[in-house]
Chemist: 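Before anything else, here's the structure in question.
The analysis underlying the following values was restricted to heavy atoms, covering all of them including side chains, and did not include hydrogens, waters or symmetry mates.
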Amino acid sequence: MSKTTPAGEIVEPNSEDTEFVFFSGKGGVGKSTVSCATATWLADNDYNTLLVTTDPAPNLSDIFDQEIGHSVTGIDGVENLSAIEIDPDTAAEEYRQETIEPMRELLDDEQLETVEEQLNSPCVEEIAAFDNFVDFMDSPEYDVVVFDTAPTGHTIRLMELPSDWNAELEKGGSTCIGPAASMEDKKAQYERAIDTLQDDERTSFTFVGDPEESSLNEIERSAADLGELGIESQLLIINGYLPESVCEDPFFSGKREDEQAVIERARTEFDTDAIATYPLQPGEIAGLDLLSDVSGVIYDGDEATVDVGTATNVDPDQSVDIDALADPESVAEQLQPDEGTRYLFFTGKGGVGKSTVAATSATKLAEAGYETLVVTTDPAAHLEDIFGEPVGHDPTSVNRENLDAARIDQEKALEEYRTQVLDHVHEMYENKEDTQLDVEAAISNVEEELESPCAEEMAALEKFVSYFQEDGYDVVVFDTAPTGHTLRLLELPSDWKGFMDLGSLTKGAAPSKGDQYDEVIETMQDPTKSSFAFVMSPEFTPMMEAYRAAEDLKEQVGIETAFVVANYLLPEEYGDNAFFANRRAQQEKYLGEIKDRFETPMMLAPLRRDEPVGSDELSAFGEELTGLSELPKKHEEVTIS
């Protein structure tokens, strides 16, 4: 195939076996809209179609304007189409119960408690979602199953552990997704599912992104990750580009030029069979008519149109006063240190601008006289592009007084972590002739489990923890904060049992660090020392994903959200037409919802013509962000003679 191959040929079934269409992409790029449009198009072409989402912020019900939920439901007005919204929490609990039930008569209370602790692994949530995928991949009653939110390379790699299932099962050992004995019945199913994912005759894999450099970079990384696992990307859909007809001023005309350059780069550089595009609409896409428009453009080659006259108008009663939402003094309080070092954490989905917000905040704190370090765990190393300066694995100055930056190099961190863990294992078993364990087998298991993506998370977290020991900084700013998922890795069981379980990847790997981990968690839980901020754009999916992550952080780890950042607010001085008026009204609606859901101070950040690059531009941008221009200067110490 070439990139001129019609997208319809990629998603349309061509055999008697059930075929599968997977959509992947970060929150807020229109992945669910494209999935729904695809499923509707397939059903309209007489294929019996099932649409499945495991998105933690599902909006299929909103798109189709009917309740769907955690069971297969027929879609009103579309023959041949059914859908289900898999609830991740329900799926995880079902998986835990299914796993532990057969063991209740075989294990004593202490053993059961150990298994239950292990099944609290955050990785189990990913496997529970994959488990549901597997169930629907054995669905011969459908011609095609469309998955909104595909399993990531991270999840698929979990399924490949351990590499020798039989040997691990015979030992009665453990995997990082549960006791090996519980996996025996699943072995053949999982292997068959991965074989199907790797079969491009039965499976098509589509990435959906927006026309931004960062979005395309992220997709290229994900596609490469999947490619290493034998899963090829066949289709790229770039969604939400600015229509030429509404870009009537230099600001939006310039942004459109940048977007078109990204689309052209995708056409020439991205390794895929086909590329399709769809324009930004004045309102949210919902209802069968709009879905038909999306599928017509992507799959039937129809001309893309934007009918501003049929835009979704927001009820004036839902309109909010944006200025009234801002609370500069409260935001500033969350940013500045009190006594000792202040730790700031900016987190959110890829593409919401958290790296720029983190770098801007760090720049303004440094200007206020605070010795500041900004650290990124982002594998894209976007911080280097933002500062326009090299950013290495160790803190270095970025051409600004009081400001250092560092990037956690995943490969270096993992190698450091592997060395630390393996040295500890050898030390544990050295000269222990009376042990009943097969030492070489135990070490072999450790080496195998260090290939787990969970080990990569722990390596990054280990390096992350080290920055709490950095001396001389008033503020440490983290770009891409650890999620509740990652922090929960520290709370898992930590004893060695002759095999490497997930707990051993944490405290068990270095028992002396148990107290250090506890201190770091306590520091993050203390609002006088740390502030967590979720960055999002004022749209449904980014808002709901941030809200869910914030709730998880609170419930699982006891960390409260200090403030939120609403980014990419449309400027009032540009875009004076009905299209942008409706887009602004939509943003206002979600700003109100963000305020109601989070009940925290809000930092507001405007959409810019270009992303700020370099300290001077970051400083100027900081004057536009709520709270940063109100930062008080660091108090000079007064010496009394």
Chemist: Could I get the full list of salt bridge (charged side-chain N to carboxylate O under 4.0 Å, His left out) partners for D65, not counting sequence neighbours?
Modeler: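 Salt bridge (charged side-chain N to carboxylate O under 4.0 Å, His left out) check on D65 returns nothing, list empty.
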
Chemist: Going by distance alone, is a donor N or O of one side chain under 3.5 Å from an acceptor N or O of the other, for R342 and S531?
Modeler: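 Yes, S531 and R342 have a side-chain donor paired with an acceptor closer than 3.5 Å.
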
Chemist: At their closest point, which heavy atom of K354 faces which heavy atom of T347, and how far apart are they?
Modeler: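 Closest pair (atom of K354, atom of T347, distance): CD-C, 3.8 Å.
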
Chemist: Between D338 and K529, does any side-chain N to carboxylate O distance fall below 4.0 Å?
Modeler: no

Chemist: Can you name the residues that form a side-chain contact (heavy atoms from CB on, under 4.5 Å) with E213, not counting sequence neighbours?
Modeler: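 By the side-chain contact (heavy atoms from CB on, under 4.5 Å) rule, E213 matches N217, V262, R265.
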
Chemist: Before giving the answer on salt bridge (charged side-chain N to carboxylate O under 4.0 Å, His left out), spell out for D610 and K255 the whole-Å C-alpha distance, their side-chain angles and the decisive distance to 0.1 Å.
Modeler: CA-CA 8 Å; D610 300 299; K255 288 200 73 67; over 6 Å; no

Chemist: Minimum heavy-atom separation for K634 to Y370, with atom names?
Modeler: CB-CE2, 3.8 Å

Chemist: With a 4.5 Å cut-off on side-chain heavy atoms, are E611 and I386 touching?
Modeler: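 In short, these two side chains do not touch, never coming nearer than 4.5 Å.
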
Chemist: Which heavy-atom pair separates Y241 from I263 by the least distance, and what is that distance?
Modeler: CB-CD1, 4.1 Å

Chemist: CZ of F563 to CZ of F532: how many Å apart, nearest 0.5 Å?
Modeler: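 Here the interatomic distance stands at 11.5 Å.
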
Chemist: Could you state the interatomic distance from CZ (R548) to CD (E551), rounded to the nearest 0.5 Å?
Modeler: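 So the CZ of R548 and the CD of E551 are separated by 10.0 Å.
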
Chemist: Could you check whether F478 and F468 have their ring centres less than 6.0 Å apart?
Modeler: yes

Chemist: Could you walk me through whether L403 and F387 pass the side-chain contact (heavy atoms from CB on, under 4.5 Å) check?
Modeler: CA-CA 11 Å; L403 182 59; F387 282 114; 3.8 Å; yes

Chemist: Among residues two or more places apart or on two chains, list those pairs meeting salt bridge (charged side-chain N to carboxylate O under 4.0 Å, His left out) that have a residue in residues 531-544.
Modeler: none

Chemist: Of all residues at least two apart in sequence or in a different chain, which pass the salt bridge (charged side-chain N to carboxylate O under 4.0 Å, His left out) check with R597?
Modeler: none

Chemist: Quick check: closest heavy atoms across M603 and L335, and the distance to 0.1 Å?
Modeler: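 So the minimum-distance heavy-atom pair works out to CE-CD1, 4.3 Å.
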
Chemist: With sequence neighbours left out, write down each residue that passes side-chain contact (heavy atoms from CB on, under 4.5 Å) with E416, or none if nothing qualifies.
Modeler: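 So E416 forms a side-chain contact (heavy atoms from CB on, under 4.5 Å) with H393, K463.
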
Chemist: Okay, side chain of R407, backbone of P395: is any donor-acceptor separation there less than 3.5 Å?
Modeler: no

Chemist: Rounded at 0.5 Å granularity, tell me how far CD1 in I63 sits from CD1 in I285.
Modeler: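 So the CD1 of I63 and the CD1 of I285 are separated by 8.5 Å.
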
Chemist: Looking at residues at least two apart in the chain, or sitting in another chain, which of them share a side-chain contact (heavy atoms from CB on, under 4.5 Å) with E85?
Modeler: T53, P58, L60, S61, I68

Chemist: Applying ring pair (Phe, Tyr, Trp, His ring centres under 6.0 Å), can you list everything that pairs with Y568, at least two apart in sequence or on another chain?
Modeler: none

Chemist: Got a second to check how far S245's OG is from N577's CG, nearest 0.5 Å?
Modeler: 8.5 Å

Chemist: Given side chains that start at C-beta, do those of V391 and V398 come closer than 4.5 Å, heavy atoms only?
Modeler: yes

Chemist: Suppose the criterion is ring-ring contact (aromatic ring centres under 6.0 Å, His included): which pairs have a residue in residues 588-628, not counting sequence neighbours?
Modeler: Y547-F598

Chemist: Looking at the rings of F580 and F252, which for Trp means the six-membered one, are their centres under 6.0 Å apart?
Modeler: yes

Chemist: Checking E212 against L216 for the side-chain contact (heavy atoms from CB on, under 4.5 Å) test, could you report, in this order, the C-alpha distance in whole Å, the side-chain angles of both residues, the deciding distance, and whether it holds?
Modeler: CA-CA 6 Å; E212 300 285 344; L216 189 58; over 6 Å; no

Chemist: Give me the atom names and distance for the closest heavy-atom approach of D89 to D87.
Modeler: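 Looking at all heavy atoms of both residues, the closest pair is N-OD1, 3.1 Å.
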
Chemist: Can you establish whether the number of heavy atoms outside K595 located under 6.0 Å from its atom NZ is more than 12?
Modeler: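 Counting other residues, nucleotides and ligands, NZ of K595 exceeds 12 neighbours.
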
Chemist: Between S32 and D148, does any side-chain donor sit less than 3.5 Å from a side-chain acceptor?
Modeler: yes

Chemist: Counting N and O atoms only, with roles assigned by atom type, does the side chain of D404 sit under 3.5 Å from a partner on the main chain of L373, one being a donor and the other an acceptor?
Modeler: no

Chemist: Between M543 and S537, is any pair of side-chain heavy atoms under 4.5 Å apart?
Modeler: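 No; the side chains remain at least 4.5 Å from each other.
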
Chemist: At their closest point, which heavy atom of P282 faces which heavy atom of R583, and how far apart are they?
Modeler: O-CD, 3.5 Å

Chemist: Would you indicate whether the side-chain heavy atoms of V34 and F23 approach each other to under 4.5 Å?
Modeler: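 Answer yes - side chains close enough.
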
Chemist: Just checking, is any N or O donor in the side chain of D210 or S215 under 3.5 Å from an acceptor N or O on the other one?
Modeler: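 Side-chain D/A pair, D210 to S215: present.
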
Chemist: Can you list everything that forms a salt bridge (charged side-chain N to carboxylate O under 4.0 Å, His left out) with E522? Sequence neighbours excluded, please.
Modeler: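 So E522 forms no salt bridge (charged side-chain N to carboxylate O under 4.0 Å, His left out) with any residue.
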
Chemist: I need the single residue from T277, L242, L280 that forms a side-chain contact (heavy atoms from CB on, under 4.5 Å) with E259. Which is it?
Modeler: L242

Chemist: Mind checking whether I594 and V564 have side chains closer than 4.5 Å, heavy atoms only?
Modeler: yes

Chemist: Counting N and O atoms only, with roles assigned by atom type, does the side chain of E617 sit under 3.5 Å from a partner on the main chain of V613, one being a donor and the other an acceptor?
Modeler: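 Side chain of E617 to backbone of V613: a pair is present.
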
Chemist: As an exercise, state the distance from CD of E284 to CG of N582, rounded to the nearest 0.5 Å.
Modeler: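 So the CD of E284 and the CG of N582 are separated by 11.5 Å.
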
Chemist: I'd like to check V374 versus L383 (side-chain heavy atoms, cut-off strictly below 4.5 Å). Are they in contact?
Modeler: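 The answer is yes; the side chains approach within 4.5 Å.
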
Chemist: Quick one: list whatever passes salt bridge (charged side-chain N to carboxylate O under 4.0 Å, His left out) with E560, sequence neighbours left out.
Modeler: none

Chemist: A quick test of your reading: do over 12 heavy atoms of other residues, nucleotides or ligands sit less than 6.0 Å from CD of E411?
Modeler: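 Counting neighbours around CD of E411, 12 or fewer heavy atoms of other residues, nucleotides or ligands fall under 6.0 Å, so no.
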
Chemist: Go through the steps for T523 and T341 under the test side-chain contact (heavy atoms from CB on, under 4.5 Å), then give the verdict.
Modeler: CA-CA 10 Å; T523 298; T341 305; over 6 Å; no

Chemist: How about M536 and N567: do any of their side-chain heavy atoms sit closer than 4.5 Å?
Modeler: no

Chemist: Using modelled atom types and a 3.5 Å cut-off, is there a donor and acceptor pairing between side-chain atoms of T363 and backbone atoms of S619?
Modeler: no

Chemist: If a pair satisfies salt bridge (charged side-chain N to carboxylate O under 4.0 Å, His left out) and one of its residues is in residues 361-373, list it, with sequence neighbours excluded.
Modeler: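 Those involving residues 361-373 are K364-E367, K364-E623, E367-R400.
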
Chemist: Which side-chain N or O atoms in residues 624-632 pair as donor and acceptor under 3.5 Å with protein atoms at least two apart or in another chain?
Modeler:
from : atom 1 : to   : atom 2 : distance (Å)
T626 : OG1    : L604 : N      : 3.0
E630 : OE1    : G627 : N      : 3.3

Chemist: Go through the steps for S253 and D249 under the test side-chain contact (heavy atoms from CB on, under 4.5 Å), then give the verdict.
Modeler: CA-CA 6 Å; S253 293; D249 56 65; 5.7 Å; no

Chemist: Side-chain contact, heavy-atom cut-off 4.5 Å: F346 with V565?
Modeler: yes

Chemist: Could you grab the distance from atom OH of Y574 to atom CG of L607, nearest 0.5 Å is fine?
Modeler: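 Here the rounded value is 11.0 Å.
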
Chemist: Side chain of Q281, backbone of V306: donor and acceptor closer than 3.5 Å?
Modeler: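 No, the answer is negative, given that no donor and acceptor are paired below the 3.5 Å cut-off.
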
Chemist: Taking atom CD of E67 as the centre, report whether more than 12 heavy atoms of other residues, nucleotides or ligands fall under 6.0 Å from it.
Modeler: no

Chemist: State whether the side chain of T561 and the backbone N or O of A550 hold a donor-acceptor pair below 3.5 Å, judged by distance alone.
Modeler: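 No, because the side chain of T561 does not come within donor-acceptor range (under 3.5 Å) of the backbone of A550.
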
